[in-house]
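Here's the structure we're looking at; comments come further down.
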Protein chains: 2
Amino acid sequence: MGLDELDVQILAHYQYDTRTPAHVIGRTVGLSTAAVQRRLKRLREAGVIEAEIAQLAPAALGLPVTCLVDVQLEREGAADLHRFRQRMAAFPEVQQCYYVTGQADFILVVLTADLAAYEAFTRRALLDDGNVRSFTSHIVLERVKVGLSVPLSVSVRR
Amino acid sequence: MGLDELDVQILAHYQYDTRTPAHVIGRTVGLSTAAVQRRLKRLREAGVIEAEIAQLAPAALGLPVTCLVDVQLEREGAADLHRFRQRMAAFPEVQQCYYVTGQADFILVVLTADLAAYEAFTRRALLDDGNVRSFTSHIVLERVKVGLSVPLSVSVRR
DNA sequence: ACTGAAAAGTTCAGCCA
DNA sequence: TGGCTGAACTTTTCAGT
């Protein structure tokens, strides 16, 4: 999928606010309403735009506690990894889950209502899992930056 | 802000796809088009919906490498912490940044075009920072789950 | 092949019962 | 709250460069 400069400019706007009308984006990048819509459609179909979603405030929804967890597994066979991935994907508390290199095998971002709920989660999800060797919790004190954007200024290729 | 059962049902749908027309959401939750639109407006104004954004595919934009980094600072005074937060917020490669408890002080999610670009980033952002004691990199091998959703099923309060 | 302009089709936002 | 109406937005069509 070849992205030109105009696509990147459109995405730079659109990724922060999908409610901006196409003619407004068009004005700033120098394109007509229809042209912007066509490009957005193409970017959706090509999978560059994965989804158009609402970013909700966890605290407003009763989930003020965010924890990052490093998890080390006991056995790391393909079947073990697959089973752990499946389990994590099924827990609603797990907002993000990465399989990584290094000492840790998995790193999770977990949202809960309070620390008691977090402890309950670690019991159900990690302690009761026979294959978790150890895990380390980091309670988030502050979200300095939230993952809503892809740094387009880094990825512009001319 | 009091959220009732219908608000949560609407958000559960809307957070995954903001392009679903209000009358479709209305059908599934048993509400009229106008009622759904009124509630969405109220949720926006109350800050429950922080933003309506496009989730882009980093790989499609030339940023296939994701790394998670644990950073430990040398000095942790208020001014030191503030300075580090400011610096991280300014780096476009830093997609997420959390200030946490535990051995690490900060945990970053970093997107780059390749490992060379990641190394260049660590030099500029971490090694050249006089106050970084140490950092550990975890290269992401797989995104098991991506942070696009708030677990509404956990937060329903009756 | 991609653009812009205009028409047709949807969705949204305010009004009133 | 639901239903209606006008406005706004999107999508398709069509012709031009």
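Note: hydrogens, waters and symmetry copies are ignored here, and every other heavy atom, side chains too, is used. Predicted, not measured: the structure shown is a model, and the values here were computed from it. A note on names: the letters A, B, ... follow the listed sequences, proteins ahead of strands, and every chain is numbered from 1.
For Asp7(A) and dT3(C), the CG to P distance is 9 Å, given to the nearest whole Å. Here dG9(C) presents its P atom at 18 Å from CD of Gln37(A), a figure rounded to the nearest Å. Summarising the geometry, the separation between NE2 on His23(B) and P on dA13(C) is reported as 15 Å, rounded to the nearest angstrom. Protein atom CZ of Arg38(A) is 6 Å distant from nucleotide atom P of dT3(C), rounded to whole Å. Atoms CG (Leu43(B)) and P (dA13(C)) sit 14 Å apart, rounded to a whole Å. Put simply, CG on Leu40(B) is 11 Å from C1' on dC12(C), counting in whole angstrom units. For Lys41(B) and dC12(C), the NZ to C1' distance is 11 Å, given to the nearest whole Å. Atom CG in Asp4(A) sits about 13 Å away from atom C1' in dT3(C), given to the nearest Å.
The aromatic rings of Phe84(B) and Phe106(B) sit tilted, their planes meeting at an angle between 30° and 60°.
Judged as a ring pair (Phe, Tyr, Trp, His ring centres under 6.0 Å), not a single pair has a partner in residues 20-79 of chain A (not counting sequence neighbours).
For the segment residues 24-36 of chain B, residues with any heavy atom less than 4.0 angstrom from an atom of DNA chain D are, sorted by number, Ser32(B), Ala34(B), Ala35(B).
Think of Val24(A) as one node in a network of Ile, Leu, Val, Met, Phe, Trp and Tyr side chains linked at under 4.5 Å; it has no links at all.
Between Thr20(B) and Arg39(A), the one whose closest nucleotide on DNA chain C sits nearer the 5' end is Arg39(A).
Across all their heavy atoms, Gln103(A) and Gln72(A) have their closest contact at O-CG, 3.1 Å. Taking all atoms of both residues into account, the shortest heavy-atom contact from Ile53(B) to Thr18(A) is C-CG2, 3.4 Å.
A side-chain contact (heavy atoms from CB on, under 4.5 Å) with Tyr118(B) is found for one member of Val69(B), Ile139(B), Leu111(B) and no other, namely Val69(B).
When DNA chain D is scanned 5' to 3' for any atom under 4.0 Å from a heavy atom of chain A, the first and last hits are dC9(D) to dT13(D).
No side-chain heavy atom of Val94(A) sits under 4.5 Å from any side-chain heavy atom of Val144(B). Taking the side chain as every heavy atom from C-beta outward, Phe135(B) and Leu108(B) never approach each other to under 4.5 Å. When side chains are defined from C-beta on, Ile107(B) does not count as touching Val71(B), because their heavy atoms never get closer than 4.5 Å.
Under the rule for a salt bridge (Lys or Arg N to Asp or Glu O under 4.0 Å), the partners of Asp4(A) that lie at least two apart in sequence or sit in another chain are Arg39(A).
Counted within 6.0 Å of CD on Glu76(A), heavy atoms from surrounding residues, nucleotides or ligands total more than 12; the atom is thus considered enclosed.
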Report summary line: Output field dot_bracket for DNA chain C (Watson-Crick or G-U, both distances under 3.5 Å, | for other-strand pairs) contains |||||||||||||||||
